[in-house]
Amino acid sequence: MLSSPTVRTSLIFLAIALVGLLFADIAITASNPWRDLGNFFLGIVTPNFFSSEGLMTALLRTVAFAFVGVALGGIAGFLLALVYRSLPVRMFCAFVRAIHELFWALIFLQFFGFHPLTGVLAIAIPYAGIFAKVYSEILEEADPEPGRALPPGTGVISAFLYTRIPDCWVKMRTYTAYRLECGLRSSAILGFVGLPTLGFYLEASFSQGLYSDAGAMLILFYILIATMPLWVRPKLLPVYILGAPFFLGEGLPIVWGNVQRFFTEDIVPAPLRNGEGLAGLTPWLNDLMINEAMPGIWNTIVLTQIALVATGIISLLAFPLISNHFGGPIRRNAGHVALVIARSTPEYILAYILLQLWGPSMLPAVVALALHNGGIIGHLIGRQTSSIKLRPDAPSGLNRYGWELVPRVYRSFLAFLFYRWEIIMRETAILGILGIYTLGFYVDSAIQNIRFDRAMVLILVTALLNIGVDTLGRYIRRKLALQTMPTC
Amino acid sequence: MALNLIRKLVVSSLFCVTAVTASAETFVFTAIPDEDETKLVERFRGVADYLSEQLDVEVRYIPVKSYAAAVSAFRNNQVQLAWFGGLSGVQARRLVEGSEAIAQGVEDEAFETYFIANTNTGIKPAGELSDLESQLKGKTFTFGSKGSTSGRLMPEFYVRDTFDSKPEDFFSRVGFSGNHTRTLRLVEAGTYDVGALNFQVWEKELGDGNIDTDAVQVIWKTPAYPDYQWTIRGDVDERFGEGFKKRVTEALLNLDNPELLESFPRSGFIPASNDDYEPIRKTAEEIGILD
């Protein structure tokens, strides 16, 4: 078994995570976490839908920000995909998608303030980078045959529209619809930094222990996502996209002088701004690197590696829940509901909830990341096993799981896991805002102290770390010859 | 139930439409989110109504999610007035030329931070922080918000000054609860052994009977320092008419609605000046929060 490269890779990652556990801060510090958890579930089953007059507006805004952000991101991403061969474009896209939506929002908040543009761009920019990559991959895979059949002299644009687009259309549509669901999650989270979406009220209710109010908001959010196939219809899309900008709320007017100030003063490193020149820059940068970037990077990596392996374990445990090789339809439906909840809850919200209940440490973050990502991968793998036909005399129970199914799906399981590696790291960094000492903690501290020069350097460090992990993940996938479709 | 839901939906969508028509010359203010949001919204909506009546312009309160967001909104001229803490006020006035501290609460001249401990820790109250060294060492500790004066700046200053080490070295775990109410709840529940909070929040919650005194107690009080104040931008006269700043100041100083004052809680507002907050600036520079 050890001769198999996939097994070896798995064991190496397992070992790294176990070593990471020695260094990680894993603890439940709340004195009575189970009582709080109980109160929370009590809140979920006794939801109060009429807590806040703003709730319906917030839900509307959440949808509106998602539509506008994803639409803009999609258009920009499509245009970028057409020139994706160019190295600078590829680097630009890799860079913008390596920065999390919340970081983008925190940046725009500093100069656009509470204007809808802050939320729209926070979604549109990273999504454009992701769309560009995925669209270009889809276009790449288009069958070249129809193009060869064209008469000589056919224009480039006609050729593109009549041979490539028809072949890619379904895939692009499926992916865009999927991305819209991600957009709803991103949009909801933006409320945590002050935009008028669901997260705004969720944070307020939660921090005050109003679990019934928070429960109602979560339930409404699940309903919103679960009913997407019903209300997101191709014919209605133009109506939504044209209508959404009118439901973003008016926010506060933009003062354009602030934009200029941000780029020409705020983010210029303090020593340069104060005229100390390059001589002052080195100690400034050293201090920043040693006291903030290094501990941030270390904690981010440790947490990411543990969360990655935990995600893998949860995925492997979760997929039988929906696989038609196990249990009856009732249990499978319950399994579907559980996995839908796990993957619809943004990991940021899960981590926030668990942090409130268990107290601060890396544990709530690991559990949140593992549940959310494990829910996604478990769902995809489970669906895959359902299409596997076993012999009538195939073993059942644990033997069926261990000897028939897991070996058959293990490669695609690893492919999904390594694809999500970079996503998990991006989330890990952002969870620092909640008080875990990853890179986001230091970014947030710099912003709280109105030191945007430091915040920008730290965000840059985070982006480079993400690009590094993304590259490594792709290298491993290629080395093991793993193929996958994109997930978010 | 469904009908109620529909009604709310209709009302809120109407709200979206009408909100767009609000004029550009609305006087907007904010406040640092130092307590539970519900309380803040209730309190400052009252203040907005009062100011709007006194000043004869539309006044709007914007809730924000962090101290820095309050400072940024003020700096970016998206709000013209703010109820800041000592530190956030100093930060804001450094960034906005011509801005002024115009009024503070009566209690803010001599504000205090209370160190509180969960009774399970067995820590006994003391007159001097240095007496608590052996009892506090290695305990878990929570500040309030990272940008708070009473919840972060002053307690951090006294910890560093008394024990000659960084909080994260002296305590086994250091957290930032987010606000004073959360600090109280977390220490009361035992999630953290010790915490530091705004003494007014403690006194008000105690008076309202919201504290389980068997679970949490005050173990040390800091010496007095200046704290909260109303700070206004220097350019409001140009925008809202000659003498506007003076009218806002007077309106705040004359605020005598007992219910509104009780919600702060302050017994009244008195004049303040930028110089009153010099000690805060020096302390912040000393511990490296301000450059």
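Letters A, B, ... mirror the listed sequences (proteins, then strands); counts begin at 1. Values reported hereafter were calculated over all heavy atoms of this structure, with side chains retained and with hydrogens, waters and symmetry mates removed. If you're wondering where the values come from, they're calculated on a predicted model, not measured in any experiment.
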Could you have a look at A:L248, A:N274, A:V193, A:L109 and say which one has the most heavy-atom pairs with chain B under 4.5 angstrom? A:V193
Are any non-hydrogen side-chain atoms of A:F192 and B:K65 less than 4.5 angstrom apart? no
Separation between CG of A:D444 and OG of B:S66, rounded to the nearest 0.5 Å: 7.0 Å
For the student: nearest non-hydrogen atoms of A:Q448 and B:A68, plus distance: OE1-N, 3.3 Å
Test item: A:S361 and B:R173 side chains (from C-beta on) under 4.5 Å apart, heavy atoms: yes
Proximity breakdown for A:F452 and chain B, heavy-atom pairs closer than 4.5 Å: side chain
A:S207 backbone acceptor or donor facing B:R185 side chain under 3.5 Å: no
For the side chain of B:Q78 and the backbone of A:F112, is there at least one donor-acceptor N/O pair under 3.5 Å apart? yes
B:E42 atom CD, over 12 foreign heavy atoms within 6.0 Å: no
Rounded distance (nearest 0.5 Å) linking atom CG of B:N77 with atom CG of A:L252: 10.5 Å
Hey, are the side chains of B:F176 and A:S445 touching, using non-hydrogen atoms and a 4.5 Å cut-off? no
If one checks every heavy atom of B:I62 against chain A at 4.5 Å, the contacting part turns out to be side chain
Is there side-chain contact between B:T191 and A:P360, with heavy atoms separated by less than 4.5 Å? yes
Flag the pair A:E250 and B:R60 as a salt bridge only when some basic side-chain nitrogen lies within less than 4.0 angstrom of an acidic carboxylate oxygen. yes
Do A:N449 and B:K146 have side-chain heavy atoms sitting under 4.5 Å apart? no
Is there a side-chain contact between B:N76 and A:V255, using heavy atoms and a 4.5 Å cut-off? no
Who among A:W358, A:F114, A:F200 has the most heavy-atom pairs with chain B under 4.5 Å? A:F200
If one checks every heavy atom of B:T38 against chain A at 4.5 Å, the contacting part turns out to be both
So do the side chains of A:R261 and B:R75 get within less than 4.5 Å of each other, counting heavy atoms only? yes
Contact summary for B:I289 and A:R451, nearest pair of heavy atoms: O-NH2, 3.3 Å
Applying side-chain contact (heavy atoms from CB on, under 4.5 Å) to A:Q356 and B:R182, what does each step give before you reach the verdict? CA-CA 10 Å; A:Q356 300 291 321; B:R182 297 264 328 135; 2.6 Å; yes
Part of A:L106 within contact of chain B (heavy atom distance under 4.5 Å): neither
Part of B:P33 within contact of chain A (heavy atom distance under 4.5 Å): neither
Counting only heavy atoms closer than 4.5 Å, note whether B:L290 contacts chain A via side chain, backbone, both or neither. backbone
